[in-house]
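Heads up: the structure comes next, in structure tokens.
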Amino acid sequence: MKIGYPCINRTIKCRGAKTFRLKSYSKQKLEQVVANNLDCLCRILEYNLNHDILFFRISSQVVPFASHPICTFSWQKRFKAELREMGKFIKEHRMRISMHPDQFIVLNSPNEQVVKRSIAELDYHAQVLDLMGLDHTAKIQLHAGGVYGDKEFALQRFSRNYSLLNKRIKNRLVVENDDKSYTVCDCLKLHRLTGLPVLLDVFHDRVNPCGLSLSAVFASASATWKKKDGLLMVDFSTQEKGRPRGAHAQTIDLKQFRALLRQSANFDFDLMLEIKDKENSALKAVALAADDPRFRRREKIVSLEEKIKKG
DNA sequence: GGCAGTCAAGTACGC
DNA sequence: GCGTACTTGACTGCC
């Protein structure tokens, strides 16, 4: 079990998801912002490593407008070395990476143009991970999309559009249950149609359940991940009090986190904390999970002196 | 420097 | 049919 948080680190005084307005787009601006984002990402990853946070979600904004027609600049070529170097660091320290395209990416939309744009955006995400040289355990998590008044038909359309995707997207795509439309059971159905692994969001499952027990959702979601996909990924959050149902908590509820660890004791997985205070909650979770036999911390760096002693 | 309006993109829902 | 929430800022123009 690796523990992580998404996209932003509030302790480090830099941003790995800096962007700009479409109106102010220029090749120079893009180059400058991507250089900043990658530099900041390196610093975040170092911070994470030093704090035993080995799971991280890279922001979709790392290359702003990457899939937009305005972007004709070969960011892939320009930042090849930087991305490869970052990937080397991730692999060397056995960190896990995910990405999460936002709500505009809808693979099952009845609008062909929306699907076309969504595929272009997914391809951009896959390219980032490929250029880092990461294996297929680095995933892109996506919601099933809209319902359009007929969920069965919408699932079929997802499946049909999925078959159009290129290999590099298929290798990385996983489907996540959402808080309104598609439950874990719906995602399992999608798994049967497409073979896609199911990323389990335990908070969404609480808000939008389908009648399975927590241990049943863990068991069935785990079973959709093959060896090449790595361990099951799980998203965790809790309800922010006094806010609409489904609103993510400001800070981690340690009581509920402890309960999750206890209730999931028979399963191993990597855990993403979708909590607003980001690394602060991750630090608390890491401290609490330290005694859990599943918890993975950074591997001890054996000093030269120790190596000599060991012969 | 501070503030408020706005930002590439989609869907669902209430009025 | 239109406005708004979602998630959550943060960019940008104006003062």
Side-chain angles (χ1 to χ4, degrees), chain A residues 5-26 28-30 32-34 36-37 40 44 57-73 75 98-125 140-151 153-155 157-158 161 175-183 186 199 201 203-204 206-208 235-251 272-281:
Chain A
Y5 62 95
C7 306
I8 297 168
N9 179 302
R10 297 184 194 282
T11 308
I12 299 175
K13 297 293 168 230
C14 74
R15 282 199 305 277
K18 212 172 153 64
T19 185
F20 52 88
R21 295 284 188 258
L22 182 59
K23 261 203 293 194
S24 53
Y25 181 93
S26 70
Q28 289 74 19
K29 183 100 181 171
L30 181 74
Q32 177 200 333
V33 168
V34 177
N36 164 85
N37 287 348
C40 182
I44 292 176
R57 183 184 299 164
I58 294 177
S59 167
S60 295
Q61 295 202 61
V62 64
V63 185
F65 303 107
S67 71
H68 192 282
I70 202 171
C71 179
T72 53
F73 173 58
W75 55 270
S98 66
M99 294 184 87
H100 192 346
D102 67 23
Q103 73 218 54
F104 307 108
I105 311 312
V106 186
L107 203 50
N108 75 343
S109 174
N111 181 332
E112 266 182 42
Q113 289 307 309
V114 171
V115 175
K116 200 176 152 200
R117 281 195 291 269
S118 296
I119 293 176
E121 181 75 359
L122 287 174
D123 196 51
Y124 144 66
H125 283 74
I140 302 167
Q141 64 189 88
L142 189 67
H143 293 299
V147 174
Y148 314 100
D150 185 343
K151 194 183 267 184
F153 191 61
L155 285 171
R157 190 166 48 227
F158 186 107
N161 289 342
V175 65
E176 176 193 358
N177 58 309
D178 66 72
D179 57 344
K180 290 199 174 66
S181 308
Y182 290 92
T183 63
D186 296 326
L199 187 151
D201 188 312
F203 180 45
H204 290 164
R206 181 166 287 189
V207 177
N208 183 24
D235 283 359
F236 172 75
S237 185
T238 55
Q239 174 68 42
E240 176 72 9
K241 289 193 179 72
R243 297 262 298 121
R245 192 170 155 81
H248 289 222
Q250 190 61 41
T251 192
M272 177 62 62
L273 303 171
E274 288 191 318
I275 295 172
K276 291 187 188 166
D277 70 355
K278 307 288 177 180
E279 78 281 6
N280 283 321
S281 284

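A note on names: the letters A, B, ... follow the listed sequences, proteins ahead of strands, and every chain is numbered from 1.
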Within the 4.0 Å limit for protein heavy atoms, which parts of nucleotides 10-15 of chain B are touched? Write it as a string from 5' to 3', B for base, S for sugar-phosphate only, - for none.
BSS---
Are the side chain of A:E274 and the backbone N or O of A:P6 linked by a donor-acceptor pair below 3.5 Å?
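Absent.
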Need to verify one output field. Residue with the more 5' nearest nucleotide on DNA chain C, A:K23 or A:R10?
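Looking at DNA chain C, the more 5' nearest nucleotide goes with A:R10.
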If I pick the [atom1] atom on [M] and the same atom on [N], what distance separates them, to the nearest angstrom?
N	M	atom1	result
C:dC6	B:dC3	C1'	25 Å
C:dC11	B:dA8	C1'	14 Å
C:dG3	B:dT6	C1'	15 Å
B:dG5	C:dA5	P	14 Å
C:dT7	B:dA4	P	25 Å
C:dT12	B:dA9	P	16 Å

Counting only pairs under 3.5 Å, give me each side-chain donor-acceptor contact of residues 62-72 of chain A, with atom names and distances, residues two or more places apart or in other chains.
{"unit_1": "A:S67", "atom_1": "OG", "unit_2": "A:E121", "atom_2": "OE1", "d": "2.5"}
{"unit_1": "A:H68", "atom_1": "ND1", "unit_2": "A:I70", "atom_2": "N", "d": "2.9"}

Of A:N177, A:V147, A:V175, the residue whose pairing with A:Y182 passes side chain to side chain contact (heavy atoms under 4.5 Å, CB included):
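Result for side chain to side chain contact (heavy atoms under 4.5 Å, CB included) with A:Y182: A:V147.
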Spacing between A:E176 atom CD and C:dC6 atom P, to the nearest angstrom
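So the two atoms are 17 Å apart, to the nearest Å.
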Side chain to side chain contact (heavy atoms under 4.5 Å, CB included) between A:M272 and A:H100: does it pass, once the steps are laid out?
CA-CA 12 Å; A:M272 177 62 62; A:H100 192 346; over 6 Å; no
Give a yes/no on whether any side-chain N or O of A:R21 is located under 4.0 angstrom from OP1 or OP2 of B:dG5.
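Checking A:R21 against B:dG5: no side-chain N or O falls below 4.0 Å of OP1 or OP2.
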